[in-house]
There are 2 protein chains.
Amino acid sequence: MNARRNTRQRETILEVIQNASGPLGVSEILERARTQIPGVGLATVYRTLAMLKEGGQVLEVNLPGEESRFEPGTRHHHHHHFVCQTCHKVFELETCPVGIPAGSVLPGGFRVADHHLTLYGFCPQCDVRKAA
Amino acid sequence: MNARRNTRQRETILEVIQNASGPLGVSEILERARTQIPGVGLATVYRTLAMLKEGGQVLEVNLPGEESRFEPGTRHHHHHHFVCQTCHKVFELETCPVGIPAGSVLPGGFRVADHHLTLYGFCPQCDVRKAA
DNA sequence: ATCTATGCAAAGTATTTGCACAAAG
DNA sequence: CTTTGTGCAAATACTTTGCATAGAT
C-alpha cells in the first residue's frame with residue numbers, strides 16, 4: 001500500500017534545512033543539496049518539501065514579496081520571526097508577545113486557533129551601526 | 001517630465017479597493033473593475049496597484065500560500081487580519097493584541113519598529129455552523 | 001518483483017515587460 | 001503636439017504535474 005521510502009535526496013534535503021542558520025528559499029535548498037547529490041531535480045525539492053511540511057519536519061515561512069522559505073519544524077515550539085529592515089536577515093525569536101491564547105474569542109465572534117507574527121526593525125548589528 | 005495622469009482605470013481601481021469589505025486579490029480587482037470598464041487589462045491592474053502602493057493609497061497584504069491582496073491605505077490606523085480556516089475569508093481586525101510598542105528592544109537587542117500579525121481560526125459564521 | 005520516488009520536460013499560475021496605439025495634459 | 005497610460009501578447013518567475021525509468025523494500 002502506501003509506504004514512505006528513505007532516499008538519499010530526502011535525507012539530504014532535510015539535512016540541508018536543519019544545518020542552515022535561518023530559513024532557506026527553494027533555490028538555496030536546491031543549490032546546497034546539489035553539493036551532495038549533483039543531479040538532484042527541482043521538482044524533487046518541491047515534492048520533498050511538501051512531504052516534510054505535512055509531516056511537520058519543516059515549516060514554511062512566508063514573508064511579503066519574497067520566495068517561500070523553509071526551516072526545521074522538529075525542535076519547534078511556538079515562535080516568530082524578526083526581519084531586519086537594514087540587512088534583511090531573518091531571525092527566529094523565542095518570545096511571543098501576543099496576548100491571545102488559542103481558543104480565545106475576539107470581539108465580533110472570531111475564534112482564534114493560531115497566529116503568525118512578524119516583527120520588523122533593526123537587528124543588534126545594524127542597530128549599533130546606525131547609532132555610531 | 002514626470003507627470004501623473006488621471007485616467008478612468010486608475011480611479012476605478014482605487015474605488016474598487018476602497019469599496020471592498022476586505023482586502024482583494026488581483027483577479028477580484030480585475031473582475032470588479034471590468035464591471036465599470038469592460039476592456040480593462042490585467043497589466044493595468046498590476047501597474048496601477050504598484051503605483052498606488054508606492055503612493056501609500058493601498059497596502060499589500062501577503063498571506064501564506066495565497067495570492068497577494070490589496071486594501072485601502074488611506075485610513076492608516078494600525079490593524080491586523082483574521083483568516084478563517086473554513087471559508088478562507090479575510091477580515092480586518094480593530095484590536096491589536098501585540099504587547100510591543102514601536103521602539104521596544106527585545107532580549108537579544110532587536111529594536112522593533114513595526115509588526116504584522118495574522119490570526120487564524122473560525123469566523124463567526126463558520127464557528128456557528130461547526131457548533132451545530 | 002512490486003511499487004514509490006526521481007528527473008526531465010511540459011503545463012500551470014502569478015507577475016512583469018515590450019510595443020504600438022489611445023488618450024491626458 | 002508631446003508624453004504618459006493602456007491593452008495585448010510575449011516573457012519571467014515560481015510551482016505543479018505527467019510520464020518513463022531508477023531505485024527502495
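Numbered from 1 within each chain, the chains take letters A, B, ... in sequence-line order.
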So, with a heavy-atom separation below 4.0 Å from DNA chain D, the residues of residues 6-14 of chain B are B:Thr7, B:Gln9, B:Arg10

Hey, can you pull the residues of residues 41-54 of chain A with a non-hydrogen atom under 4.0 angstrom from DNA chain D?
-> A:Leu42, A:Ala43, A:Tyr46, A:Arg47

Same apolar cluster (I L V M F W Y, side chains within < 4.5 Å links), B:Leu106/A:Val83 = no

Is A:Leu93 reachable from A:Leu117 through a run of I, L, V, M, F, W or Y residues, each pair having side-chain heavy atoms under 4.5 Å apart?
-> yes

Output every pair passing salt bridge (Lys or Arg N to Asp or Glu O under 4.0 Å) with a member in [range], not counting sequence neighbours, ordered by first then second residue.
range                      : value
residues 95-117 of chain A : A:Arg111-B:Asp127
residues 31-46 of chain B  : none
residues 9-19 of chain A   : none

Please name all residues satisfying side-chain contact (heavy atoms from CB on, under 4.5 Å) with B:Arg8, sequence neighbours left out, ordered by chain then number.
-> B:Thr12, B:Ile37

Contact check, residues 28-40 of chain A vs DNA chain C, heavy-atom distance under 4.0 Å, returns A:Gly39, A:Val40

With the side chain of B:Arg5 defined as its heavy atoms from C-beta on, choose the nearest nucleotide among C:dA5, C:dT15, D:dT4.
-> D:dT4

Determine which pairs satisfy ring pair (Phe, Tyr, Trp, His ring centres under 6.0 Å) with at least one residue from residues 95-114 of chain A, sequence neighbours left out, and list them in order.
-> A:Phe110-B:Phe82, A:Phe110-B:Phe91

Once you round to the nearest 0.5 Å, how far does CD of B:Glu67 lie from CG of B:Leu24?
-> 10.0 Å

Using residues 40-53 of chain B as the side-chain source, report each donor-acceptor pair under 3.5 Å to any protein atom, sequence neighbours left out, with the distance given to one decimal.
| residue | atom | partner | partner atom | Å |
| --- | --- | --- | --- | --- |
| B:Thr48 | OG1 | B:Thr44 | O | 2.7 |
| B:Lys53 | NZ | B:Glu60 | OE1 | 2.5 |

Partners passing side chain to side chain donor-acceptor pair (under 3.5 Å) against A:His81 (at least two apart in sequence or in another chain) | A:Glu71

Check salt bridge (charged side-chain N to carboxylate O under 4.0 Å, His left out) between B:Arg69 and all other residues, then give those that pass, not counting sequence neighbours.
-> B:Glu28, B:Glu66

Hey, what bend do you get for the helix from C:dA1-D:dT25 to C:dG25-D:dC1 if you fit axes on five pairs at each end, rounded to 10°?
-> 30°

Begin with the C-alpha distance, continue with both residues' side-chain angles, and end with the deciding distance and a verdict on side chain to side chain donor-acceptor pair (under 3.5 Å) for A:His80 and B:His115.
-> CA-CA 11 Å; A:His80 297 298; B:His115 65 258; over 6 Å; no

